Amino acid sequence: MTTVRIPAGWPATEEQARAVQDELRERVVLDEPGPPPGTGHVTGVDVAYDDERDAVAAAAVVLDAATLAVVAEGTAVGRISFPYVPGLLAFREIPTVLAALEALPCPPGLVVCDGYGRAHPRRFGLASHLGVLTGLPTIGVAKNPFTFTYDDPEPRRGSSSPLLAGREEVGRALRTRDGVKPVFVSVGHRVDLDTACAHVLRLTPRYRLPESTRRADSLCRRALREAVAD
DNA sequence: GCGACAG
DNA sequence: ATCTTGTCGC
């Protein structure tokens with residue numbers, strides 16, 4: 001496991017952070033379909049916090065996209081780099097997530113983030129930001145609709161409805177299990193929305209949340225416990 | 001002006 | 001995110 005330092009020049013204020021988003025947003029690529037579902041690698045990333053001890057841990061778990069078997073894992077720990085501010089989540093999560101990705105022994109393929117990509121007040125959520133910084137294809141899968149609106153999708157797994165910012169479709173409410181609350185999918189970088197949803201359905205053969213994020217979630221919690229223990 | 005608000 | 005046991009249900 002690697003230890004991260006907060007990058008030099010990392011934004012210190014909300015105003016600076018928003019300015020970074022406005023600049024990097026220009027580099028998002030939205031006109032690529034993305035990797036074909038069921039092929040190559042899919043990597044889940046997630047972060048856990050101990051605000052009390054100013055500690056953060058991130059995990060990246062690489063799955064074989066066809067079998068969902070774990071291929072590789074990477075973790076990183078560090079100090080909290082930014083407070084939680086809705087719309088600025090990336091500045092809290094990205095330094096440690098980048099280090100966890102760099103700790104991997106193999107290419108991550110598609111990266112699945114816990115949160116949003118295009119479904120964001122300035123259309124530049126965590127998944128978009130991570131995609132631009134790494135050049136990797138990324139998508140966001142969130143558990144809540146944030147400030148956006150949607151009509152409840154049909155009850156069957158696989159049905160979906162637009163996630164709307166006014167009249168603009170910024171993502172999709174996607175039912176991954178029969179009769180269970182949908183997840184909220186949006187594109188990050190170099191993936192289109194239909195392909196993103198197809199990936200999420202392949203990643204949810206059993207549970208509401210993608211296998212990638214479930215695995216990353218348990219790994220980063222374990223990494224945080226172990227980091228705080230010594 | 002006052003909430004609401006990804007993790 | 002995180003604090004947290006048992007419990008209802010498939």
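From a predicted model like this one, the values you see are computed outputs, not experimental measurements. Chain letters run A, B, ... following the sequence lines, proteins first and then strands; every chain starts at 1.
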When you measure from the side chain of A/Thr147, which nucleotide among B/dG7, B/dA6, B/dC5 comes out closest?
B/dC5
Has A/Tyr84 got its ring stacked on B/dG7, by the test of a centre gap below 5.5 Å and a plane angle below 30°?
yes
Could you tell me whether the phosphate oxygens of B/dA6, OP1 or OP2, come under 4.0 Å of any side-chain nitrogen or oxygen in A/Arg92?
no
Mind checking if A/Leu88 touches a base, just sugar-phosphate, or nothing, with heavy atoms under 4.0 Å?
base
Can a cation-pi geometry be assigned to A/Arg214 and A/Tyr207, taking NZ or CZ under 6.0 Å from the six-membered ring centre and within 45° of the ring axis?
yes
How many Å lie between CD on A/Gln21 and P on B/dA6, as a whole number?
15 Å
Could you tell me how far apart A/Tyr116 (OH) and B/dA4 (P) are, to the nearest whole angstrom?
18 Å
What contact category does A/Ala119 fall into here, base, sugar-phosphate, or nothing, at under 4.0 angstrom with non-hydrogen atoms?
nothing
Taking only side-chain nitrogens and oxygens of A/Asn144, does any of them come within less than 4.0 Å of OP1 or OP2 of B/dG7?
yes
Would you please indicate if the ring centroids of A/Phe91 and A/His129 are separated by under 6.0 Å?
yes
Are A/Glu211 and A/Arg202 ion-paired here, with the side-chain N under 4.0 Å from a carboxylate O?
no
Measure from CD1 on A/Ile94 to P on B/dG7 and round the result to the nearest Å.
15 Å
When all nucleic acid strands are considered with a 4.0 Å heavy-atom cut-off, which category describes A/Gly140: base, sugar-phosphate, or nothing?
nothing
Touch class at under 4.0 angstrom, heavy-atom based, for A/Tyr49 against every strand present
sugar-phosphate
Take atom CD of A/Glu14 and atom C1' of B/dC5, then tell me their distance rounded to the nearest Å.
12 Å
Nearest-angstrom distance from the residue atom CD1 of A/Ile80 to P of C/dT2
10 Å
Are OP1 or OP2 of B/dG7 and a side-chain N or O of A/Lys143 less than 4.0 angstrom apart?
yes
Return the value, rounded to whole Å, for the distance between atom CZ of A/Phe91 and atom C1' of B/dG7.
15 Å
Nearest 0.5 angstrom please: A/Leu63 CG to A/Leu203 CG, how far?
7.0 Å
Regarding A/Asp46, tell me which of base, sugar-phosphate or nothing describes its non-hydrogen contacts under 4.0 Å with the strands shown.
sugar-phosphate
Starting at atom CG of A/Asp178, determine the distance to atom C1' of C/dC10, rounded to an integer number of angstrom.
13 Å
Under a 3.5 Å threshold, yes or no: a donor from one side chain and an acceptor from the other, between A/Tyr49 and A/Glu93?
yes
In whole angstroms, how far is the C1' atom of C/dT2 from the CD atom of A/Glu93?
14 Å
